[in-house]
Number of protein chains: 2
Amino acid sequence: MAKALKDKPQVIIVGAGFGGLEAAKKLACKDVRLTVIDRTNYHLFQPLLYQVATAALSPADIAAPVRAILSKCENVEVILAEVESVNVEARKVKTNDMEFDYDYLILATGARHSYFGHDEWEKLAPGLKSLEDAVELRRRILLAFEFAEKTPDEADRQAAMNFVVIGGGPTGVEMAGAIAEISRYTLAKDFRHIDPSKARVILIEGTSRLLSAYPADLSESARKQLVELGVEVRTDARVTDITESGVQLDGEFIPCRVKIWAAGNNASFVGKTLIAPVDRVGRVIVNDDLTIPGHPEVQIIGDLANFSHQTGEPLPGVSPVAMQQGRHAARNILRMVHGEKPQPFRYFDKGSMATIGRNKAVADLKFFHLSGFPAWLAWLFVHIIFLVGFRNRLLVLIQWAWAYLSFDKGARLITRNFQSEHRPPA
Amino acid sequence: MAKALKDKPQVIIVGAGFGGLEAAKKLACKDVRLTVIDRTNYHLFQPLLYQVATAALSPADIAAPVRAILSKCENVEVILAEVESVNVEARKVKTNDMEFDYDYLILATGARHSYFGHDEWEKLAPGLKSLEDAVELRRRILLAFEFAEKTPDEADRQAAMNFVVIGGGPTGVEMAGAIAEISRYTLAKDFRHIDPSKARVILIEGTSRLLSAYPADLSESARKQLVELGVEVRTDARVTDITESGVQLDGEFIPCRVKIWAAGNNASFVGKTLIAPVDRVGRVIVNDDLTIPGHPEVQIIGDLANFSHQTGEPLPGVSPVAMQQGRHAARNILRMVHGEKPQPFRYFDKGSMATIGRNKAVADLKFFHLSGFPAWLAWLFVHIIFLVGFRNRLLVLIQWAWAYLSFDKGARLITRNFQSEHRPPA
């Protein structure tokens, strides 16, 4: 490292998700030393994770190596490690195997699923946050059809053809729609003893409507579009138990082999090691400039932050919030480095969209609401634009075009773990 | 199922590799009932597996769902199951959970690595036969660079930058070349504390030359091309032990974190359950029509068969042999179904080729030998043509073009197992 670089202030960014990566890009080739620490070696485009889980895309299509994205600037180093805690008094970040000192910190460690105190449900009903989650769900979904084709037991067969998605937010809506599409189109002709298009996809939502963060007309449109695809939507339904054999609702047991959890998030445990106030789901309550009380050098962004200064409510855990906060935190650090005052953060909400299936989506663009084909086109366009890397954009575009024209999904692999490879698959 | 179909003879094909799939295609939509049993749900294009292991391609790019390939013909059913044994007297195939009766059987269960009695080496030095193997090797190779970047210990760092490939056949040559390329080109600028281009890639071969099945001039050319890439080639070198910390040769210990096994194969254990003569590596010794003595209804093909009627030597375990045998076995079954006599098998050898890296390869086309750029072009062309599925061909072509122009490899993901996901990566 050059001598000059050594004398510059050290910035650490923990987490290379949407927020962390935006901050890193702003600080790359600037007057700081920058260390980016992530527990994976790639930036993951989470909005398309459900397409990996439903065999439309490969993991590498929606992930880009963090090193490669940031390699051009000499002031950036990337460390693959899992951060365990932050000592804000000593200004140290502790990973599983090392310690790092910082002058400025951006903490962007995101969120994981929350099972509302039922951690034993996680193995039975995996969520969808990581590539590993997505590949496991793909495996379970495809294996269910294989099992149904083989089993001589009619009750087992029906349970294997029931897919229960728990949680009617964007992830739940997208998963339910995509499973319905696979069974109706992609797999329709591939089996001899079952009719995949008879698969039941049941979407369970605890409140009175799907996509509760969206305007009511779009919630209703999403419900209608799902029903057109053959999804059974149950609102005001509460899950009281999950077992190997099915999902228990108030007064009804749904036998099913595959259960998918899309019902709740908890912020990363790293937030709690700051000894700063956190909310009910573990998010760190931040000042209006994204810092924590008494520590202007510590910025918290993205799903880990509870920022309530704009509307009185915490901003939602979506990528535009994280990206804007990432850029803002980086700018404020550069201001402080140059002796200027940090500025308060303001979120500019451009709207949000969720896809349901082929030609089906909803989009809340603030000034107007879209449903169906126009919403779906808008969704496609925005997701291709925001994917990181020209290579990924090209590969995703080609696979989408292929899938649209052929009704085929290309990544229908049932893969196993390396250790368990010599074991039978089912 | 239609009544007419029920009265037709039942053919079972075990294994949907190159041989089994060709046989299945020949028997699809013909006057038989056909059941294809495989322990994975996809046909794997094994010759490109090393490109998954070295981050150039994604698993789904080189695999195609068996169901989708065969879905058009009503007489074909596909079963995902692991075959445990065959009872040739009772004409039954036993899987982990079911039994199937047959009138005709094609057994094409292939081969696995052989560690020459040192099974404990398998975890330390994985081979490259399955997608799971490839993803695990990719993980180990990429993690070694990550570890080297982080570790403060100079000896550990050097060991992490040593890559030992054991076995100088086509797989070993391709792996060694690809690792050298990644370190020299793809990763060259991505690290701050190590210089990836200083990585040592050591290729160990027990005999006096690489690619011993090839003509001597091509073996020498392969060696030269590897050395140009910076690979250290050790011929006449014997591995006496493998441990966590390295590889022991006669009189030399090479400290290394990543070891790759490409040294030997054993035929699938299913062959031994036939109670027919097998050779030293477990291959079933077949008649000149690919059947076993006393059982004209049982055909053995591909890597599982020892067919020595043509040259006195067993035919090599390569895809053209398996594919020609698959088609031949299918034709013989159709002959028998129609009351005709089965014909002896003859292998038509069109040659073979192995790639080493960018613009580097060798090709033995029988009438003439190619090296370097023309061999590499021929290799590209043949591999694209033989890939199954237009979608895969298009995706592989685009990724190769991208990699060629940019020196980038797109699938540089370090992924973990679902179960171990919450554990630190290193």
Side-chain angles (χ1 to χ4, degrees), chain A residues 1 39-42 55 58-61 63 65 67-68 71-72 74 76-82 95-98 126 130-133 135-136 142-143 146 149-150 187 189-193 389 391-392 394-395 398-399 402 406 408 410-419 421 424-426, chain B residues 1 39-42 55 58-61 63 65 67-68 71-72 74 76-82 95-98 126 130-133 135-136 142-143 146 149-150 187 189-193 389 391-392 394-395 398-399 402 406 408 410-419 421 424-426:
Chain A
M1 230 176 282
R39 62 196 198 106
T40 71
N41 74 327
Y42 47 82
S58 283
D61 300 334
R67 285 191 186 288
S71 66
K72 276 192 198 110
E74 276 295 323
V76 188
E77 69 167 355
V78 177
I79 298 286
L80 176 69
E82 178 127 15
T95 73
N96 50 312
D97 52 3
M98 291 167 88
S130 68
L131 285 178
E132 287 83 359
D133 292 340
V135 170
E136 173 68 14
L142 295 174
L143 263 182
E146 297 290 339
E149 172 83 348
K150 284 201 300 188
L187 301 178
K189 304 229 171 302
D190 283 4
F191 293 84
R192 297 293 172 259
H193 306 290
R391 180 186 164 282
N392 287 357
L394 183 66
L395 288 172
I398 286 167
Q399 290 179 84
W402 176 259
S406 72
D408 188 22
R412 286 160 50 193
L413 307 186
I414 300 174
T415 50
R416 289 170 270 171
N417 296 331
F418 176 70
Q419 284 94 326
E421 193 194 333
Chain B
M1 232 178 282
R39 62 195 198 107
T40 70
N41 74 327
Y42 47 82
S58 282
D61 300 334
R67 284 190 186 289
S71 67
K72 277 191 197 113
E74 275 294 324
V76 188
E77 68 166 355
V78 177
I79 297 286
L80 175 70
E82 178 128 14
T95 73
N96 50 312
D97 53 3
M98 291 167 86
S130 68
L131 284 179
E132 287 83 0
D133 291 341
V135 170
E136 174 68 14
L142 295 174
L143 263 183
E146 296 290 339
E149 172 83 348
K150 283 202 298 188
L187 301 179
K189 304 228 172 304
D190 283 4
F191 293 84
R192 297 292 172 261
H193 306 291
R391 181 186 163 283
N392 286 357
L394 183 66
L395 288 173
I398 286 167
Q399 290 178 84
W402 175 259
S406 71
D408 188 22
R412 287 159 51 192
L413 307 186
I414 300 174
T415 50
R416 289 169 272 172
N417 296 331
F418 176 69
Q419 286 93 327
E421 192 194 334

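Residue numbers begin at 1 in each chain, while the letters A, B, ... track the order of the sequences.
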> Is it the side chain or the backbone of B:Leu131 that comes within 4.5 Å of chain A heavy atoms, both, or neither?
side chain

> side-chain contact (heavy atoms from CB on, under 4.5 Å) with A:Leu395: which of B:Asp61, B:Leu394, B:Leu395?
B:Leu395

> Going by heavy atoms in the side chains, are A:Val78 and B:Asp190 under 4.5 Å from each other?
no

> So, taking the atom named CD in B:Glu149 and the one named CD in A:Glu77, what distance separates them when rounded to the nearest 0.5 Å?
6.5 Å

> Is any side-chain heavy atom of B:Lys189 less than 4.5 Å from a side-chain heavy atom of A:Lys72?
no

> Assess whether side-chain contact (heavy atoms from CB on, under 4.5 Å) is satisfied between B:Val135 and A:Thr415, documenting all intermediate values.
CA-CA 10 Å; B:Val135 170; A:Thr415 50; over 6 Å; no

> Give the minimum heavy-atom separation between B:Ala81 and A:Lys150, together with the two atoms involved.
CB-NZ, 4.0 Å

> Hey, does B:Arg192 have a side-chain heavy atom less than 4.5 Å from the side chain of A:Glu74?
yes

> Please round to the nearest 0.5 Å and tell me the distance separating atom CG of B:Asn41 and atom CG of A:Leu413.
6.5 Å

> Heavy-atom cut-off 4.5 Å, strictly under: side chain, backbone, both or neither for A:Ile398 against chain B?
side chain

> So what's closer than 4.5 Å to chain B heavy atoms on A:Leu187: side chain, backbone, both or neither?
neither

> Got a second to check how far B:Arg67's CZ is from A:Glu146's CD, nearest 0.5 Å?
4.0 Å

> Would you call A:Arg412 and B:Tyr42 a side-chain contact if the rule is heavy atoms closer than 4.5 Å?
no

